[in-house]
Amino acid sequence: MKKIISLFLILTLITGIGAFVPAVSAAASGTCGPNLTWTLDNNGKLTVSGTGGMDEWLNNTSVPWYSYHDQIKTIVIGEGVTNIGFGAIFAFSELTSIKIPTTVSSIDKMSFAHSCRKLQTVTVTSGNPYYVSTNGILYNKDKTILVKYPAAKTATSFTVPSTVTTISNGAFDYAAALKSVTLPSGLKDIDSSAFQLCTGLSSITLPEGLEGVGSYTFDGTAITSIVFPASVWYINNAVCRNCTNLTTATIKNPECRAWGWQAYT
């Protein structure tokens with residue numbers, strides 16, 4: 001009889017303890033488009049739900065979940081959402097993963113996942129006609145544009161696919177583990193801040209056929225030398241700012257427009 005009573009007390013105690021375990025609930029919520037809502041749970045998961053496009057924001061501080069940028073760990077964009085707007089995912093210090101549905105047809109590449117140093121992977125649901133992810137790296141569907149290489153990937157070298165003609169704004173920013181990147185022969189444009197603060201990057205060869213290099217592209221990297229081939233016709237300012245190891249820089253095209261080159265190298 002005593003054993004039965006003891007067992008009953010133990011079960012009661014376990015049940016009672018279980019009753020006090022807090023359930024995951026919405027830590028914050030709101031709207032982010034005419035037919036879109038967002039919720040952030042206590043585990044740091046941000047979910048955007050509904051149909052249609054996100055609102056247009058002037059900057060990342062206007063985004064409704066900006067106050068939680070140091071708490072958001074994962075982002076799930078729900079089926080039905082059609083775009084990821086300017087500043088929607090920017091400078092999230094704890095963000096590790098982003099999931100993009102089949103319905104997203106537009107991503108603002110000027111700010112997408114910039115300064116997200118802990119980002120490990122971006123996944124795209126199979127069937128999206130506009131975007132694809134391979135090994136956690138985000139491209140447009142035909143892989144002519146490399147949109148985002150997650151900053152927290154641990155590889156020390158990376159070969160950009162031969163199909164890529166454009167490397168997007170901030171595509172590799174803060175990818176500190178990278179020491180070398182091999183660029184394809186068909187590459188035409190490297191957008192601003194593409195390799196900014198890849199502090200371990202010491203080796204990169206720009207291919208003949210490249211046409212332009214944006215501002216701050218190699219800012220804060222460890223490159224020791226760089227050659228801009230004759231095909232390059234513009235180099236925007238601050239392209240090699242804070243490259244303290246840089247000893248030689250060669251611009252082969254005498255007619256290349258190198259805005260602010262002397263002032264910002």
Side-chain angles (χ1 to χ4, degrees), residues 82-90 98 100 104-116 119 121-124 128-151 153 155 157-175 178 180-198 201 203-221 223 226-241 251-253 256-261:
T82 57
N83 78 299
I84 299 174
F86 179 77
I89 304 173
F90 183 87
I98 303 168
I100 298 170
V104 164
S105 60
S106 174
I107 296 173
D108 183 273
K109 296 183 285 294
M110 289 293 292
S111 65
F112 178 76
H114 290 194
S115 303
C116 295
L119 184 64
T121 185
V122 180
T123 59
V124 179
N128 185 302
Y130 302 97
Y131 295 96
V132 65
S133 61
T134 302
N135 297 323
I137 304 166
L138 180 64
Y139 304 87
N140 69 335
K141 189 65 173 183
D142 59 3
K143 288 192 174 182
T144 57
I145 302 173
L146 193 158
V147 180
K148 190 63 186 178
Y149 178 98
K153 289 182 77 68
S157 63
F158 179 70
T159 298
V160 176
S162 61
T163 53
V164 170
T165 60
T166 299
I167 295 176
S168 284
N169 191 301
F172 288 85
D173 73 337
Y174 288 95
L178 279 177
S180 65
V181 175
T182 301
L183 301 176
S185 59
L187 186 66
K188 298 299 181 184
D189 293 292
I190 302 176
D191 286 346
S192 298
S193 306
F195 296 95
Q196 188 173 31
L197 292 169
C198 292
L201 183 64
S203 175
I204 194 163
T205 300
L206 304 182
E208 186 64 48
L210 181 67
E211 296 176 355
V213 181
S215 304
Y216 308 101
T217 294
F218 301 108
D219 177 26
T221 65
I223 58 173
I226 192 163
V227 176
F228 295 90
S231 56
V232 172
W233 61 271
Y234 76 89
I235 302 170
N236 279 350
N237 63 356
V239 67
C240 289
R241 190 182 68 167
I251 302 175
K252 288 192 171 183
N253 183 355
C256 176
R257 290 178 288 177
W259 289 288
W261 173 260

Rounded distance [0.5 Å steps], CD1 in I251 versus CD1 in I226: 9.5 Å

Are the side chain of [X] and the backbone of [Y] linked by a donor-acceptor contact shorter than 3.5 Å?
X: T163; Y: K143; answer: yes
X: S192; Y: N169; answer: no
X: S157; Y: S180; answer: no
X: D189; Y: D191; answer: no
X: K148; Y: A113; answer: yes
X: N135; Y: I137; answer: no
X: Y149; Y: F158; answer: no
X: D173; Y: S193; answer: no

Using the ring of each side chain (for Trp, its six-membered ring), is F195 parallel, tilted or perpendicular to F172, with breaks at 30° and 60°?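 It falls in the parallel class, under 30°.
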
Any chance NZ of K252 has more than 12 other-residue heavy atoms, nucleotides or ligands included, within less than 6.0 Å? no

Closest heavy-atom pair and its distance - [X], [Y]:
X: I100; Y: N128; result: CG2-ND2, 4.4 Å
X: I167; Y: A194; result: CG2-CB, 3.9 Å
X: S231; Y: L210; result: OG-O, 2.7 Å

Show your working on side-chain hydrogen bond (donor to acceptor under 3.5 Å, both in side chains) between D219 and Q196 and close with a plain yes or no. CA-CA 5 Å; D219 177 26; Q196 188 173 31; 2.8 Å; yes

Within the 4.5 Å heavy-atom criterion, are F228 and L206 side-chain neighbours or not? yes

